[in-house]
There are 2 protein chains.
Amino acid sequence: MLDDRKAAILRAVVECYIRDAQPVSSAYVTQLASLGVSPATVRNEMAVLEQEGYLLQPHASAGRVPTDKGYRFFVDSLAGPAPLGEPQAELVRMFFARTHGELEHLLHETSELLSRLTDYAAVVVAPNAPEPGRVRSFQLVTLAHQLALAVAVLANGAIERRTIELPGEVTEAQVHRASAALAAFLVGGPLERSGAVPRTGDLTTDNLASATLQTLRQPDYEGAEQVFIGGAARMATAFDAVSTIRKVLGIMEQQFVLVTLLKDVLDRGLSVAIGTEHGLASLADCSVVVAPYEVDGERAGTVGVLGPTRMHYDQALTAVEVVSKKLSKALQEGGKPSAARHRGGRARDSHGGGPGAPGRSIGSQSHA
Amino acid sequence: MLDDRKAAILRAVVECYIRDAQPVSSAYVTQLASLGVSPATVRNEMAVLEQEGYLLQPHASAGRVPTDKGYRFFVDSLAGPAPLGEPQAELVRMFFARTHGELEHLLHETSELLSRLTDYAAVVVAPNAPEPGRVRSFQLVTLAHQLALAVAVLANGAIERRTIELPGEVTEAQVHRASAALAAFLVGGPLERSGAVPRTGDLTTDNLASATLQTLRQPDYEGAEQVFIGGAARMATAFDAVSTIRKVLGIMEQQFVLVTLLKDVLDRGLSVAIGTEHGLASLADCSVVVAPYEVDGERAGTVGVLGPTRMHYDQALTAVEVVSKKLSKALQEGGKPSAARHRGGRARDSHGGGPGAPGRSIGSQSHA
DNA sequence: TCTGGCAGTCAAGGTTACCGAGTGCCAGAC
DNA sequence: GTCTGGCACTCGGTAACCTTGACTGCCAGA
């Protein structure tokens with residue numbers, strides 16, 4: 001589609017613009033990309049590139065600026081992600097060497113890591129798949145007069161809990177029996193195990209048990225995706241127009257929108273969405289770099305970076321890639337309860353570090 | 001300290017400046033505060049007020065702007081918090097009428113509520129006191145080969161969990177016995193119950209039990225304060241200098257600093273800290289309005305509002321006051337497990353609403 | 001097909017002048 | 001003594017204007 005020279009010129013323009021945030025002139029390209037031609041020739045080529053929609057001239061006497069299409073070509077023709085700088089690599093190594101507490105904490109910190117690696121805002125979407133783990137222990141505990149708590153410990157250390165309302169006439173003994181029956185039924189299998197609890201003979205007990213079972217099968221309201229945003233404040237550094245900052249922060253508030261955005265991008269099989277490629281008008285000046293991460297070999301969640309369209313795509317791609325890989329691995333490490341956890345309460349690794357360091361990012365956690 | 005007329009003039013200046021964000025002239029004050037004197041007189045008074053440090057003139061031909069000291073006088077002489085507007089009151093009522101899920105979720109949403117009420121950023125610091133609840137149920141569950149999970153359900157529905165590393169030679173039966181012994185020892189009392197577990201006769205079991213007890217007595221690493229920030233993006237609307245926005249967002253990233261700030265203000269017995277009154281140079285353009293909230297009659301956490309020094313103090317004060325009261329009450333409602341929870345895993349109220357509405361704020365949750 | 005040169009265009013920056021908002025001060029009234 | 005009206009003064013802000021310089025587009029010639 002583009003001959004070598006045009007491609008080289010386009011690449012040069014994109015690179016310069018990403019670096020300097022200023023329109024790139026033909027002379028600058030000439031001296032940077034050693035093409036052996038004069039500025040005039042470059043000018044001609046640039047005029048063609050503009051006609052074809054790769055470049056744009058803010059005004060007549062200015063240099064050229066890449067369009068979304070220009071960035072797209074740049075990204076697609078990228079030799080591949082740049083290797084991570086040594087200091088960054090060290091950061092990643094350090095980060096994943098430490099053991100983190102529960103999943104939420106890990107993901108939250110991961111968003112900060114990614115943000116620090118790239119210097120853009122980072123987004124981490126938590127896994128929303130229900131815990132697949134088998135039940136290791138089940139208990140029904142009476143709390144108040146007409147209130148009980150169903151607590152299940154899953155094999156991976158996660159805890160599922162549901163509040164159960166008791167009809168008035170249930171006795172403590174009946175709760176106990178129902179608990180035992182449910183434990184016998186559930187332990188060793190999935191929490192949502194189908195079928196009915198074997199009858200105990202006592203009607204109230206059986207009713208309680210089946211009601212509890214029903215509740216357990218309903219997904220937790222936490223099922224909605226959780227989003228962690230790291231380094232939102234870096235957006236204020238990436239742009240200098242107040243209005244843009246406002247728009248972007250505004251979108252980041254609507255975390256539901258953000259999750260949908262990332263999902264869409266991934267679903268379209270992309271790892272980069274540039275400018276208007278994702279349909280959000282208020283993020284027209286932003287690009288998104290995403291990668292899924294896996295738990296037990298299955299796509300579980302998403303990590304991503306949100307930055308200006310003139311972002312360092314190569315670095316962002318690498319960072320996102322590396323972090324998603326490492327995160328997958330960290331979550332993979334099976335029984336290790338320090339990480340493979342979701343929705344359950346908190347766990348802490350017995351050798352986990354003390355109180356976390358002061359947050360460095362406007363981290364965000366919400367139920368989108 | 002200030003005679004009535006000076007006070008009236010100062011108040012008028014502050015009010016106008018809060019409303020218009022523009023230096024206030026003597027003429028404007030004259031027509032607004034019906035003092036029955038001419039602009040010239042007001043000018044003379046304003047000159048005195050400036051000399052005494054209540055007002056400031058950005059430049060010679062400009063009107064006056066309040067200093068921190070001026071705002072302080074204004075706040076202190078405030079007749080009292082303004083009543084909440086009807087729409088706001090409705091918002092609060094609606095909010096607290098709904099049942100919320102677990103504590104974290106509630107606090108997170110509270111920060112958004114407060115932000116929406118005031119149109120500034122809101123901060124909610126979670127209670128950091130350990131759950132005082134009595135143990136209702138205790139269990140030690142083997143997870144992996146050398147890994148167990150201690151799970152305690154407290155009377156208020158909270159769940160405490162600790163990971164326990166098992167020495168290699170422990171059998172499943174021994175874990176079981178230790179679990180039973182610990183349950184017998186702990187249930188009905190506090191989780192940190194002092195004393196030793198009664199011996200079972202089996203050395204390994206006893207060792208495991210006492211090791212577990214030891215772990216239980218150590219505070220969870222989540223003991224560090226959690227902070228929820230709602231509506232951080234509103235800061236971008238409150239200021240129009242990019243550099244200020246950057247500074248403020250920067251501080252909000254360092255959530256540890258933020259917590260300390262709120263703590264300091266409260267400890268000094270203040271409910272409002274204006275401009276440089278709190279020592280943070282980068283928040284010199286900001287004021288903070290705080291109030292503690294209570295759980296079981298004891299100070300548990302803090303709610304606060306962070307806005308520009310020219311904030312609507314009366315409204316902010318009311319909002320913070322009302323929200324802290326209502327929050328205390330919501331958390332008070334004793335056995336109700338839907339709210340009185342911390343650190344434990346998640347619980348959901350059986351009649352809790354489905355997936356929350358899309359987040360409207362850059363909410364933030366971190367371990368400071 | 002490339003190149004050098006030249007004219008054209010336009011943003012940015014600096015200068016000037018002007019306007020107007022607001023003060024300070026003073027003399028006179030109450 | 002206190003207040004007021006009036007007047008001169010001060011500056012920030014805006015607009016008009018010009019200059020500069022950085023580009024490009026185009027064209028004629030290599």
Side-chain angles (χ1 to χ4, degrees), chain A residues 2-10 12-67 70 240-242 310, chain B residues 2-10 12-67 70 240-242 310:
Chain A
L2 290 181
D3 59 71
D4 287 357
R5 197 167 64 188
K6 284 197 186 61
I9 291 173
L10 177 52
V13 171
V14 173
E15 273 164 15
C16 291
Y17 189 68
I18 286 178
R19 211 187 27 246
D20 310 334
Q22 274 175 355
V24 184
S25 75
S26 56
Y28 199 33
V29 169
T30 319
Q31 81 178 83
L32 194 104
S34 34
L35 299 165
V37 293
S38 81
T41 310
V42 173
R43 276 205 288 282
N44 289 331
E45 298 284 44
M46 277 161 77
V48 176
L49 284 170
E50 178 163 11
Q51 266 189 325
E52 304 198 345
Y54 292 98
L55 294 179
L56 193 99
Q57 216 173 356
H59 58 87
S61 75
R64 289 334 202 271
V65 158
T67 60
D240 38 34
V242 189
R310 43 173 290 278
Chain B
L2 289 181
D3 61 69
D4 287 356
R5 197 169 64 189
K6 284 198 187 59
I9 291 173
L10 177 52
V13 171
V14 173
E15 274 165 14
C16 292
Y17 189 68
I18 286 177
R19 212 187 26 245
D20 311 334
Q22 273 176 354
V24 184
S25 75
S26 56
Y28 200 32
V29 168
T30 318
Q31 81 177 85
L32 194 104
S34 35
L35 298 165
V37 294
S38 80
T41 311
V42 173
R43 276 205 288 281
N44 289 331
E45 298 285 45
M46 278 163 75
V48 177
L49 284 169
E50 178 162 10
Q51 266 189 327
E52 303 197 347
Y54 293 98
L55 294 179
L56 195 96
Q57 219 174 352
H59 58 86
S61 74
R64 273 10 189 253
V65 158
T67 61
D240 37 34
V242 190
R310 44 173 291 280

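Per chain, numbering begins at 1; letters A, B, ... match sequence-line order. The figures that follow rest on heavy atoms only: side chains count, while hydrogens, waters and symmetry mates do not.
Candidate nucleotides D:dG25, C:dT3, C:dC10 were compared by shortest atom distance to the side chain of A:Ser61, and C:dC10 ranks first. Out of D:dG5, D:dG25, C:dG22, the shortest distance to the side chain of A:Arg64 is found at D:dG25. Checking D:dT4, C:dC10, C:dT3 against the side-chain heavy atoms of B:Ala40 singles out D:dT4 as nearest. Set against D:dG5, D:dG12, D:dT24, the side chain of A:Arg43 has D:dT24 as its closest nucleotide. Distance from the side chain of A:Ser26 is smallest to D:dT24 among D:dT24, C:dG24, C:dT3. For A:His59, whose side chain is taken as the heavy atoms from C-beta onward, the closest listed nucleotide among C:dT3, C:dG22, C:dC10 is C:dC10. Here D:dG5 is the nucleotide among C:dC2, C:dT3, D:dG5 with the atom lying nearest to any side-chain atom of B:Ser38.
In this structure, the side chains of A:Ile18 and A:Arg310 come closer than 4.5 Å at one or more pairs of heavy atoms.
Shown here is B:Asp3, whose CG atom has more than 12 heavy atoms of other residues, nucleotides or ligands within 6.0 Å.
With A:Arg5 as the partner, the side-chain contact (heavy atoms from CB on, under 4.5 Å) test is satisfied by one option alone out of A:Leu10, A:Thr41, A:Val42: A:Thr41.
Between the P atom of C:dG22 and the CG atom of B:Asp20 lies a distance of 11 Å, rounded to the nearest Å. Computed from coordinates, the B:Asn44 CG to C:dT23 P distance equals 11 Å when rounded to whole Å. A:Gln22 places its CD atom 9 Å from the P atom of D:dC23, with the value rounded to the nearest Å.
In this structure, A:Ser25 reaches the sugar-phosphate backbone alone: every heavy-atom distance under 4.0 Å involves primed, P, OP1 or OP2 atoms, never a base.
Each of B:Pro58 and A:Gln57 was matched to the nucleotide of DNA chain D holding its nearest heavy atom; the match closer to the 5' end belongs to B:Pro58.
For the residue pair A:Gly70 and A:Val14, the shortest heavy atom distance occurs at O-CG2, 4.2 Å.
One finds a side-chain N or O of A:Arg5 lying less than 4.0 angstrom from the OP1 or OP2 phosphate oxygen of C:dC2.
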